[in-house]
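For reference, the structure is listed below as structure tokens.
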Amino acid sequence: MRRRGAVLLLALLILLAQPGSALAGPRLSYWGAWIGRQLTGEEAPWDMDAATQFEERVGHRLSLIEFSAPFASCEPACHFNPFPLTPLEQIRSHGAIPLFSWNSGASGGGDQSKFGLAELRSGRYDRYIRYFARNAAAWGRPFFLRFDWEMNGSWFPWGAGVNDNQAGEFVLAWRHVHRIFEQAGATNVSWVWCPFVGTGLRQFYPGDRYVDWTGLDGYNWGPESPLALPWQTFDQLFAASYRRVARIAPEKPMMVAEVASTGSDEAKAGWIGEMFASLRRGYPKVRGLVWFDKADRDAQWPVENLPAASAAFAEGLDGGYKQNVFSHLKRSPIPPPGP
């Protein structure tokens with residue numbers, strides 16, 4: 001009997017240690033938000049009061065703050081954007097990890113044909129990329145760089161089928177930019193490859209040598225949204241793509257880098273609760289989650305002003321999501337959070 005009891009105890013301990021086990025403790029994950037202008041009139045991290053107000057309303061401190069910039073801004077005349085030193089410093093001082101979504105396009109109505117993948121590969125922007133990489137290396141602190149995300153879609157100038165972009169060009173362009181950062185010694189950059197949920201993802205994967213984390217973006221627009229799409233649960237949006245990415249890059253940690261739902265306060269709260277339950281149940285590789293907390297394309301994604309939705313969000317974060325204790329983070333590539 002003693003031997004049998006010991007065997008059963010050993011089996012239980014092994015089961016408890018299995019990722020995704022119903023008996024295992026929660027996997028620790030980073031969490032964050034891409035916070036819009038609705039709180040203070042300016043987005044975080046340019047106004048960090050927006051991040052503080054968001055934290056106060058959901059009752060948890062951010063471990064990731066996402067923001068973005070294109071190569072160029074054309075409002076009205078085109079100019080290349082500077083390296084975002086101040087936003088990066090503000091996020092780190094806050095105790096969070098920067099998640100910088102940098103793209104090879106132009107905002108404000110610039111000629112997007114000049115920002116196709118062939119132009120990127122040709123070396124046209126190498127001087128600017130090199131400047132960026134050198135500044136990243138000089139800053140020296142770890143941050144996530146989500147470069148040219150949602151490349152499998154057709155809504156960005158680097159996307160599939162846009163600007164005469166050819167099959168296989170994205171991989172070559174990504175590797176080209178990555179090599180410039182390597183040459184500059186920017187080893188503090190953690191590269192995040194992040195398609196939109198969907199099919200045909202493998203053709204866009206640059207290879208394990210050029211990627212530190214994988215990611216996925218996905219939204220529940222719903223029938224009352226401007227797109228009037230069918231209501232979709234988190235699993236309906238993400239499950240199939242999660243399995244594809246896990247097969248493409250089985251050794252890489254994953255983040256959900258953009259996610260949100262439309263709907264009434266009650267409907268959104270239910271969707272958020274289901275999202276956290278799904279992540280605990282069936283997505284062991286996901287070690288980071290970022291809510292898209294912005295009003296965008298006539299859709300209202302924010303949660304902080306909806307009592308039921310913000311409460312559901314706060315309850316979900318109680319299940320193993322790290323708060324902002326990362327001011328002294330030094331390790332690169334950034335590892336998934338530990339105890």
Side-chain angles (χ1 to χ4, degrees), residues 19-22 24-36 38-39 44-45 48-67 91-92 94-99 144 192 213 215-220 233-235 237-238 242 253-263 265-294 300-327 329 334-339:
S21 166
R27 292 177 302 276
L28 294 177
S29 298
Y30 303 119
W31 84 278
W34 192 340
I35 303 167
Q38 70 274 5
L39 289 166
M48 287 301 293
D49 284 342
T52 300
Q53 289 188 31
F54 178 84
E55 290 174 330
E56 290 172 351
R57 298 189 191 192
V58 300
H60 290 71
R61 304 295 298 276
L62 295 148
S63 54
L64 297 171
I65 295 177
E66 185 165 0
F67 69 110
I91 292 171
R92 185 174 172 90
H94 190 75
I97 305 170
L99 172 54
F144 288 112
V192 182
W213 284 61
L216 282 169
D217 294 350
Y219 291 83
N220 174 40
T233 67
F234 183 88
D235 279 337
L237 281 169
F238 282 91
Y242 169 83
M254 190 185 304
M255 66 173 65
V256 174
E258 291 183 38
V259 65
S261 175
T262 60
D265 186 11
E266 292 74 16
K268 189 176 289 191
W271 196 92
I272 290 168
E274 182 271 333
M275 173 186 74
F276 281 109
S278 294
L279 285 167
R280 288 192 299 270
R281 182 176 59 245
Y283 298 78
K285 294 184 68 60
V286 172
R287 306 299 299 278
L289 174 71
V290 179
W291 186 265
F292 188 78
D293 201 72
K294 299 175 65 173
Q300 294 294 324
W301 307 108
V303 297
E304 68 277 349
N305 289 324
L306 301 174
S310 58
F313 203 87
E315 182 178 354
L317 291 174
D318 287 335
Y321 289 83
K322 294 285 285 184
Q323 300 197 49
N324 62 348
V325 292
F326 300 102
S327 292
L329 180 68
I334 298 169

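We're numbering straight along the sequence, starting at 1.
Taking both residues in full, the closest heavy atoms of Glu66 and Val290 are given as OE1-CG1, 3.2 Å, listed atom of the first, atom of the second, then distance. The two residues Met48 and Ile91 come nearest to each other via the heavy atoms CE-CA, 4.5 Å. Minimum heavy-atom separation, Gly282 to Tyr242: O-CE2, 3.7 Å. Across every non-hydrogen atom of Leu62 and Glu55, the tightest pair is N-OE2, 2.8 Å. Contact detail for Ala44 and Ala50: the closest heavy-atom pair is N-CB, 4.1 Å. Residue Gln53 comes nearest to Leu39 through the heavy atom pair OE1-O, 3.7 Å, listed as atom of the first residue, atom of the second, then distance.
Aromatic ring orientation, Phe313 versus Phe54: perpendicular (interplanar angle above 60°, classes split at 30° and 60°).
No side-chain donor-acceptor contact under 3.5 Å links Lys294 to the backbone of Pro302. Remark: side-chain polar atoms of Tyr219 are not paired, donor with acceptor, to backbone N or O of Phe292 under 3.5 angstrom. Remark: side-chain polar atoms of Ser63 are paired, donor with acceptor, to backbone N or O of Lys322 under 3.5 angstrom. A donor-acceptor pair under 3.5 Å is absent between the side-chain atoms of Gln300 and the main chain of Thr262, judged by distance alone. A donor-acceptor distance shorter than 3.5 angstrom exists from the side chain of Asp265 to the backbone of Ala309, with no hydrogens or angles considered. The main-chain N or O of Pro337 is found under 3.5 Å from a side-chain atom of Arg287 such that the two form a donor-acceptor pair. Under a 3.5 Å cut-off, the side chain of His94 and the backbone N or O of Arg92 do not form any donor-acceptor pair. The backbone N or O of Phe234 sits nowhere less than 3.5 Å from a side-chain atom of Ser278 that would complete a donor-acceptor pair. Listed for the Trp213 side chain is a donor-acceptor partner under 3.5 Å among the backbone atoms of Ile334.
Using modelled atom types, one finds no donor on one side chain facing an acceptor on the other under 3.5 Å when comparing Tyr30 with Asn324.
A distance of 11.0 Å separates CZ of Arg280 from OG of Ser29, quoted to the nearest 0.5 Å. Separating the NE2 atom in His60 from the OG atom in Ser310 is a distance of 11.5 Å, to the nearest 0.5 Å. Here Glu258 contributes atom CD and Trp291 contributes atom CH2; the two are 12.0 Å apart, rounded to the nearest 0.5 Å. Here the straight-line distance linking atom CZ of Phe276 with atom CD of Glu315 works out to 9.5 Å at 0.5 Å rounding. To the nearest 0.5 Å, atom CG of residue Leu289 and atom OH of residue Tyr283 are 12.0 Å apart. Distance check: Ile65 CD1 to Ile35 CD1 gives 6.0 Å after rounding to the nearest 0.5 Å.
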task: Check step by step if side chain to side chain contact (heavy atoms under 4.5 Å, CB included) holds for Val303 and Ile272.
output: CA-CA 10 Å; Val303 297; Ile272 290 168; 3.8 Å; yes
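With a 4.5 Å cut-off on side-chain heavy atoms, Glu56 and Glu304 do not count as touching. Between Val286 and Met255, the closest side-chain pair of non-hydrogen atoms is not below 4.5 Å. A 4.5 Å side-chain heavy-atom check between Leu64 and Trp31 finds every atom pair outside the cut-off. Under the 4.5 Å side-chain criterion, counting only non-hydrogen atoms from C-beta, Asn220 is in contact with Leu237.
Salt bridge annotation for Asp293-Arg57: absent, with no cationic side-chain nitrogen under 4.0 angstrom from a carboxylate oxygen.
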